[in-house]
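Quantities reported herein were computed from a predicted structural model and do not represent experimental measurements. Chain identifiers are assigned alphabetically (A, B, ...) following the order of the sequence lines, protein sequences preceding nucleic acid strands; residue numbering begins at 1 within each chain.
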Amino acid sequence: MKALRNSKRNLQAFLDGLNPQQRAAVTADEGPVLVIAGAGSGKTRVLTGRAFYLIAEMKVHPAAIAVMTFTNKAAGELQKRLEELLGNRDSVPWAGTFHGFCARLLRQYGDTIGLPRDYSIYDQADSEKVVAELLIERKYSRDEIVPSTMRNWISVLKSGGALSGRHRFHKLAAELVGDYDKRLRSAGAVDFDDLLLLPLELFRVNPEILSKLQHRYDHILIDEFQDTNRIQYNLARAIAAPQNNLYVVGDDDQSIYGWRGADIRNLIDFQRDFKQGQSFSLEQNYRSTQQILDVANDVIAAKNHHNLKQLWTEKTNGEQVVFRQHSRAADEANEVVGEMDALVNRQGMSWSDFAVLLRTNSLSRYFEEVLISQSIPYTIVGGTKFYDRREVKDLTAFLRVLSNPGDEQAWKRILKTPPKGIGEVTIARVVDRCRRTGMSFGEVIADAELLSDASTATRNRLEKLSNALSHIAEHNKQSSLSELAADVLRKSGLIEYYEEKFPEEADDRVANLYQFIEAAKDREAAHPEYSLSDFLSEIALVSDIDDYNEAVNRVTLMTMHAAKGLEFPVVFAAALEDNLLPHSRSSDSIEEIEEERRLFYVAITRAQDRLYLSASETRALNGQLMFQEPSRFLRDIDPSRLKGWTLPREARSMMFEPTEENYHTERPSYRSKSKNNSGLNGASLIPYKIGDIVEHPDFGMGVVTAKSGSLDSLKVRVAFEGVGSKLLALKYATLRKVE
DNA sequence: CATCTCAAGCTTTTT
DNA sequence: GCTTGAGATG
């Protein structure tokens, strides 16, 4: 009672702290609500406020609210904030990712659609392996089609998307989906797409489960709505029906997950599907200075669709945005770190005020090196996740098999690491037996004498493993999760294996294995009710941002994707070069390039006080030194907004007026750079292409095989007839192009 | 039949 | 600069 009175008082204070737009959105009537929330406009605040308002004012029971967030971290923060507002940790709504929500649902009801209670979740690598196996069986070589690409296509198809059909293997993707799904089902496994899809199947088969959920959740709130896919939208709609208390918050300008199946049409369709719905737009930005917003607006204004909102801020006395182009990537990293150092020493800033945002994980290397050499604390978000480390996956494979004896991919991993005298041939025999008898992998191994064509020694090895595992299972019937994990670790032989075979890296690996046990302890403390399979689901669904802790004083390096939803006093957006941003692999269509533009916009709008943009003229990519052009998006920024080196205004990439007509036709200006590359894009700097025939006064005729060097010492490697390969500095060598 | 070793290949973003 | 693949060896 007292808590309620308190929370009512808190609510008033909370509402008073909002601007009129935010307040209107928070206190909207029930029913469908769409909130278009620009970058830094207090989106999280509104979402939290809405939940708070529903509970404190509309008397909605906290358990009747579900909040879908993009990451577990966002969910945790939202719950923490609500706890503070409500003053009661038990009265906080459920919050989590769609995937987490669905995993739980399937754990509970999956058996009604034939899914074992302890089903496994196949991660990217697992499902890629399944695809690779299917491709090998059909005699496709890696050179023809890469399994990861095929897996992505299959994923797009499964999550309701369509393939253009332009690629000759698009059709194959459609043919493989069925077999792929069958493989997973027979292993008692689901992939990330299934997690979302199977609940819909569940609802179809068991309408009463859906109706139970509909009664349980009166209100569904969705964050980052622009990055939901079709299936997620359908799920939310199904559960929110029939009252349709569906509250979605998003920003079309920040949609950066189209490649993963996110469908921006959800935002548009929401308005069409719920004509009676209310919509709000948050346009005041509380994060960035006007100088930063101007740059962001220039970048996004060059896109080709009408703006739903216009961002503004009261922070008008900010620093000018800086742009610098360096000649080498190492210089760029040095400059960036030097600037951080200056800000710390002269402005009293902290390392944790800085974020370096990059297009790809691998670009962090240079920055890391400099930070290490200067003993500056830093953290990398992303890259290889803890649970994706080899040794950790080795250990989880044992746990997965204990949880789900059908988990084929996990079995294969155990059989190989540590080596057990079981190889490809034996594995193929086991798999073959599974397919023909319908037995699970675990059952076949437990009955190894049935494998008549395997040698006695092999059969004995299989049986030994099988017995060891059942012994572990038996022995740990009463054990906690961490005790089980520790026992598995002891008996797996993994520690001995790494120490013997890889002594130089064993320390790290063994430390990680022990850290895994600690992680298990943490989980069981937080969730005493967790079963092994609950624990394994959680592991499968953690994102790398989830354990990012901004309170620690260290520089953050991360991808622009990972930075979504975060903010930093000072942002360094680096390596802003064509072929990286937009990425060469995302330059096949206008849609892809526009998504890259939005990614840049997201990166810019993470900055609160200062923004530094930088690029390098040269950069080693894929082990080759490349000449880099500044990102074409930089040309869309009014040069007067940038301090430092400026790009000529006339070179702006979007000189033409976008019209409905030319928007949908592909423009040659967009495609020219990335398409015809023979691996290099600095053609203007070195007047030779790889493969060109050149003549040298002393060495005679030769073929250009490589280009390298920094700007003042451009070099080409030329293979001369009879003389061999020579590295020539263009400055000195007199080369003549033949033909 | 398994495993070791070296060469050749590849390298976006991620629940 | 880091993982898959072929080939040799045990």
Trainee: Taking OH from A/Tyr548 and P from B/dT14, how many angstroms apart are they, rounded to a whole number?
Mentor: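 After rounding, the gap between these two atoms is 15 Å.
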
Trainee: Would you measure the distance from the C1' atom in B/dT12 across to the matching atom in C/dG5 and give it in whole Å?
Mentor: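 Each nucleotide's C1' atom is 24 Å from the other's.
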
Trainee: Would you indicate, yes or no, if B/dT13 has its OP1 or OP2 atom less than 4.0 angstrom from a side-chain nitrogen or oxygen of A/Asn361?
Mentor: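 A/Asn361 to B/dT13 OP1/OP2: side-chain N or O found under 4.0 Å.
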
Trainee: Is the phosphate of B/dT15, meaning OP1 or OP2, less than 4.0 Å from a side-chain N or O of A/Thr97?
Mentor: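 No, outside the criterion.
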
Trainee: Tell me if the centroids of the rings in A/Phe70 and A/Phe98 come within less than 6.0 Å of each other.
Mentor: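 No.
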
Trainee: Is the backbone of A/Phe225 close enough, under 3.5 Å, to the side chain of A/Thr228 for a donor and an acceptor to pair up by distance?
Mentor: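 Yes, A/Thr228 side chain to A/Phe225 backbone: donor-acceptor pair under 3.5 Å.
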
Trainee: Checking only heavy atoms, does the side chain of A/Arg585 share a donor-acceptor pair with the base of B/dT13 at less than 3.5 Å?
Mentor: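 Side chain to base: no pair below 3.5 Å.
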
Trainee: Could you state the atom-to-atom distance from CZ of A/Arg598 to P of B/dT13 in whole Å?
Mentor: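 Distance check: A/Arg598 CZ to B/dT13 P gives 18 Å.
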
Trainee: Measure CZ/A/Arg365 against P/C/dG1 and give the value in whole Å, please.
Mentor: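 Taking atom P of C/dG1 as the reference, CZ of A/Arg365 is at 6 Å.
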
Trainee: Can you tell me which nucleotide in B/dT15, B/dT14, B/dC1 comes closest to the side chain of A/Thr559?
Mentor: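 Ranking B/dT15, B/dT14, B/dC1 by closest atom to the A/Thr559 side chain puts B/dT14 first.
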
Trainee: Which part of the nucleic acid, if any, lies within contact of A/Lys420, taking any heavy atom under 4.0 Å across all strands shown: a base, the sugar-phosphate backbone alone, or nothing?
Mentor: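 The residue A/Lys420 makes sugar-phosphate contact but no base contact.
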
Trainee: Where each residue is assigned the nucleotide of DNA chain B containing its nearest heavy atom, which of A/Val146 and A/Gly100 is assigned the position nearer the 5′ end?
Mentor: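 Taking each residue's closest nucleotide, the earlier one in sequence belongs to A/Val146.
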
Trainee: Classify A/Arg151 by what it touches in the nucleic acid, base, sugar-phosphate, or nothing, heavy-atom distance under 4.0 Å.
Mentor: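 Touches a base.
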
Trainee: For A/Arg390, report the nucleic acid contact type (base, sugar-phosphate, nothing); a contact means any heavy atom under 4.0 Å.
Mentor: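 Counting heavy atoms under 4.0 Å across all strands, no contact is made by A/Arg390.
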
Trainee: Between A/Arg523 and A/Asp534, is there a salt bridge with N-O shorter than 4.0 Å?
Mentor: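 A/Arg523 and A/Asp534: not salt-bridged.
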
Trainee: Identify which nucleotide among B/dT15, B/dA2, B/dT14 has an atom closest to any side-chain atom of A/His561, counting heavy atoms from C-beta outward.
Mentor: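 So the nucleotide nearest the side chain must be B/dT14.
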
Trainee: Please check if any side-chain donor atom of A/Ser159 sits under 3.5 Å from a side-chain acceptor atom of A/Asn229, or the reverse.
Mentor: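 The criterion, which ignores hydrogens and geometry beyond distance, is not satisfied for A/Asn229 and A/Ser159.
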
Trainee: Write down the distance between NZ (A/Lys129) and P (C/dT3), rounded to a whole number of angstrom.
Mentor: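 Going from NZ in A/Lys129 over to P in C/dT3 covers 13 Å.
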
Trainee: Please determine if a side-chain N or O atom of A/Arg359 lies less than 4.0 Å away from the OP1 or OP2 oxygen of B/dT11.
Mentor: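 For B/dT11, neither OP1 nor OP2 has a side-chain N or O of A/Arg359 closer than 4.0 Å.
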
Trainee: Nearest to the A/Arg260 side chain among B/dT14, B/dT13, B/dT3, which nucleotide is it?
Mentor: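 Per side-chain heavy atoms of A/Arg260, the pick is B/dT14.
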
Trainee: Would you call A/Lys412 and A/Glu133 a salt bridge, using N to O less than 4.0 angstrom?
Mentor: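 Yes, A/Lys412 and A/Glu133 are salt-bridged.
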
Trainee: Counting the atoms with a prime plus P, OP1 and OP2 as sugar-phosphate, which does A/Asp123 contact under 4.0 Å by heavy atoms, base, sugar-phosphate, or nothing?
Mentor: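 Contact class for A/Asp123: none.
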
Trainee: Determine the contact category for A/Thr426: base if any of its heavy atoms lies under 4.0 Å from a base atom, sugar-phosphate if only primed atoms, P, OP1 or OP2 are that close, otherwise nothing.
Mentor: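 It contacts sugar-phosphate atoms only.
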
Trainee: Does the ring of A/Tyr257 meet both stacking tests against the six-membered base ring of B/dT14: centre distance under 5.5 Å and plane angle under 30°?
Mentor: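 No, A/Tyr257 does not stack on the base of B/dT14.
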
Trainee: From B/dT3, B/dT13, B/dC1, pick the nucleotide closest to the side chain of A/Pro419?
Mentor: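 Nearest nucleotide to the side chain: B/dT3.
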
Trainee: Taking only Lys NZ, Arg NE, NH1 and NH2, and the carboxylate oxygens of Asp or Glu, determine whether A/Asp194 and A/Lys158 approach each other closer than 4.0 Å.
Mentor: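 Counted as a salt bridge, because a side-chain N and a carboxylate O are separated by less than 4.0 Å.
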
Trainee: Specify the separation, in whole Å, of atom CD of A/Gln254 and atom C1' of B/dT13.
Mentor: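 Going from CD in A/Gln254 over to C1' in B/dT13 covers 16 Å.
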
Trainee: Reckon A/Ser586 touches a base, only the sugar-phosphate, or nothing at all at heavy-atom distances under 4.0 Å?
Mentor: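 Base, at least one base heavy atom under 4.0 Å.
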
Trainee: Base, sugar-phosphate alone, or nothing: which one does A/Glu595 contact when heavy atoms must sit under 4.0 Å apart?
Mentor: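 Here A/Glu595 touches no strand at all.
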
Trainee: Contact class for A/Ile422 vs. all strands (heavy atom < 4.0 Å): base, sugar-phosphate, or nothing?
Mentor: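 Sugar-phosphate, backbone atoms only, no base.
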
Trainee: Atom CZ of A/Arg619 to atom C1' of B/dT11: distance rounded to whole Å?
Mentor: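 So the two atoms are 15 Å apart, to the nearest Å.
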
Trainee: Between A/Ala562 and A/Gly423, which is nearer to the 5' end of DNA chain B once each is assigned its nearest nucleotide?
Mentor: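 Between the two, 5'-proximity favours A/Gly423.
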
Trainee: Please state how far atom CD in A/Glu128 lies from atom C1' in B/dT15, giving the value in whole angstrom units.
Mentor: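 One finds 15 Å between C1' of B/dT15 and CD of A/Glu128, rounded.
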
Trainee: With centres under 5.5 Å and planes under 30° as the test, does A/His583 stack with B/dT12?
Mentor: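 The ring of A/His583 is stacked on B/dT12.
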
Trainee: Once you round it to whole Å, what is the distance between P of B/dT15 and NZ of A/Lys564?
Mentor: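 One finds 10 Å between P of B/dT15 and NZ of A/Lys564, rounded.
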
Trainee: Could you check whether A/Lys501 gets within reach of a base, just the sugar-phosphate, or nothing at all, counting any heavy atom under 4.0 Å?
Mentor: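 Here A/Lys501 touches the backbone only, sparing every base.
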
Trainee: So does A/Glu368 pair up with A/Arg365, basic N to acidic O under 4.0 Å?
Mentor: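 A/Arg365 and A/Glu368: not salt-bridged.
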
